[in-house]
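To start, the structure under review is shown below, and the notes come after it.
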Amino acid sequence: MITRKKISQILSSYDQENLAICTLGSHSALNIFKGAKEEGFKTVCVCKENDKILYKKFPLADEILIVREFADILKPNFQKKLTQLNTILIPHGSFTAYLNTKQLTNSLFVPMFGNRQLLDWEADREKQKQWLSNAGLKLPKTFQKPEQINTLTIAKLPGAKGGKGYFLSNSPKSFRKKIKEMIRRGLLSRKDVRLIHLQEYVLGVNVYPHYFSSIINRDVEFLGVDKRYESAVDAIGRLPASEQLEIGINPTYTIVGNIPIMLRESLLPELIRIGESVVKVSNDIAPPGVIGPFCLETVITDNLDVYVFEISARIVAGTNVGIGISPYAYLRYGENMYMGRRIALEIKQAAKQKKLGEIVT
Ligand code: AMP
Ligand code: AMP
């Protein structure tokens with residue numbers, strides 16, 4: 001485990017008036033870079049050759065460092081170069097999708113905005129469940145084995161796979177049938193079958209609130225909400241039921257994009273309380289708790305019950321819907337505030353108050 005002592009040693013070698021904000025070129029990088037530029041930071045993009053076109057098209061990265069794969073960021077010389085640039089890394093979904101927890105917590109010694117211990121809690125479904133239920137939230141039931149399935153159930157693969165390979169079943173028999181079909185369609189590999197997580201499917205609409213736990217302001221801010229646009233599940237309603245039955249569609253959940261939402265105002269007090277209790281519990285499980293952005297994945301039913309089925313302890317790509325125009329961020333900060341910029345603002349304020357050590361790990 002990279003200790004905070006080690007990180008503060010590295011920070012002490014930094015020119016804190018010339019910090020660079022760096023992230024992997026994917027997921028929410030444009031959001032992060034734009035925010036960093038608007039707050040006056042230098043920016044560094046670590047990306048693959050094939051994606052360079054994007055980070056040139058939107059000229060937000062002052063330096064583009066090409067890697068063959070994202071895990072190359074772990075090479076000691078590469079990390080040394082980043083620290084020489086006074087880099088603060090901003091973790092996002094591609095860090096957890098393409099690096100494993102051990103790599104993130106033991107091998108990446110570049111100071112990272114946020115609490116890296118919580119990335120481990122995010123990656124482990126049992127730990128997530130413990131965290132969310134200790135916060136007093138309503139969670140969907142989980143089933144340990146397919147034989148226990150007795151209601152509509154969603155089968156999930158581990159890690160941030162973007163919903164790829166997920167499927168529904170409502171009995172042990174339909175589960176086995178679906179498994180065969182998913183393998184045949186190449187959406188699931190045989191070795192992943194034993195890693196499947198089974199969760200009660202909650203019927204309702206998806207709502208993904210975005211929060212920011214500010215160490216500097218000592219507050220949990222509510223900055224935006226999105227929902228997801230997922231293939232194929234969001235396409236199925238366009239087919240008449242008779243065709244759906246005829247071709248035996250099995251909905252899958254591959255994320256394609258995000259859509260902003262303004263919520264019914266009377267739902268907000270509960271969502272705010274939920275965010276605050278998640279942060280409170282995080283303080284006990286991994287002090288100093290959440291630093292910066294986090295997001296909950298919820299389903300809200302027709303009784304207005306809020307079920308929370310997942311947490312991301314870092315920026316989510318859903319916050320991209322707020323770039324330049326996030327209404328909830330507007331209510332707090334006025335124009336042109338959004339998650340990437342909120343991150344940069346926190347770093348700027350921390351540097352000014354000589355508190356950088358409190359917001360990076
Ligand atoms: P990518 O670099 O696009 O493969 O993204 C890395 C991971 O982040 C994916 O495996 C997805 O789980 C997640 N992700 C990417 N884009 C989005 C999005 N727009 N909304 C939600 N999750 C996303
Ligand atoms: P996840 O990878 O956990 O973010 O889930 C991907 C998608 O599956 C979500 O955006 C939802 O559309 C759907 N989903 C996941 N879990 C549930 C659940 N317990 N009930 C209803 N829908 C779910």
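Every number for a ligand or one of its atoms is a count from 1 in the order of the listing.
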Specify side chain, backbone, both or neither for [X], according to which of its non-hydrogen atoms lie closer than 4.0 Å to ligand 2.
X	value
Tyr307	neither
Tyr253	side chain
Glu200	backbone

Can a side-chain donor-acceptor contact be found between [Y] and [X] if the only test is distance below 3.5 angstrom?
X	Y	result
Tyr333	Glu221	yes
Glu346	Ser214	yes
Glu230	Tyr166	no

| Which option out of Val321, Thr96, Ile255, Thr319 puts a heavy atom nearest to atom 23 (C) of ligand 1? |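 When every heavy atom of Val321, Thr96, Ile255, Thr319 is considered, Ile255 comes closest to atom 23 (C) of ligand 1.
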| query | Between Gly318, Cys295, Ser94, which one has a non-hydrogen atom sitting closest to atom 6 (C) of ligand 1? | reply |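 That would be Ser94.
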| message | Does Lys48 qualify as a cation-pi partner of Tyr98, given the criterion of NZ or CZ under 6.0 Å from the six-membered ring centre and within 45 degrees of its axis? | response |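 Relative to the ring axis of Tyr98, which defines the angle, Lys48 lies inside both limits.
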| message | Does Lys6 qualify as a cation-pi partner of Phe109, given the criterion of NZ or CZ under 6.0 Å from the six-membered ring centre and within 45 degrees of its axis? | response |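 Yes, Lys6 sits over the ring of Phe109.
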State the atoms of ligand 2, each with its element, that fall below the 4.0 Å cut-off from a heavy-atom position in [X].
X	answer
Glu297	1 (P), 3 (O), 4 (O)
Glu310	1 (P), 3 (O)
Tyr208	9 (C), 10 (O), 11 (C)
Tyr201	20 (N), 21 (C), 22 (N)

| query | For ligand 1, which atoms have a heavy atom of Ser26 less than 4.0 angstrom away? | reply |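 Those of ligand 1 that fall under 4.0 Å from Ser26 are 2 (O).
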| message | For the 3.5 Å polar cut-off, considering only N or O atoms, please tell me whether Phe309 and ligand 2 meet it. | response |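 No, no N or O pair falls under 3.5 Å.
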| said: Looking at Glu49 and Lys52, is there a salt bridge between them, counting it only when a charged N and a carboxylate O are closer than 4.0 Å? | reply: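 Judged by the 4.0 Å cut-off on N to carboxylate O distance, Lys52 and Glu49 do form a salt bridge.
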| field | salt bridge (charged side-chain N to carboxylate O under 4.0 Å, His left out) partners of Lys156, counting only residues at least two apart | value |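 Result, salt bridge (charged side-chain N to carboxylate O under 4.0 Å, His left out) vs Lys156: Glu310.
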| field | Under-4.0 Å heavy-atom contact with ligand 1, by part of Arg228 that carries it | value |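 Side chain only.
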| Result of checking Leu356, Thr87, Leu85 against Leu19 for side-chain contact (heavy atoms from CB on, under 4.5 Å) |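 Single pass found, and it is Leu356.
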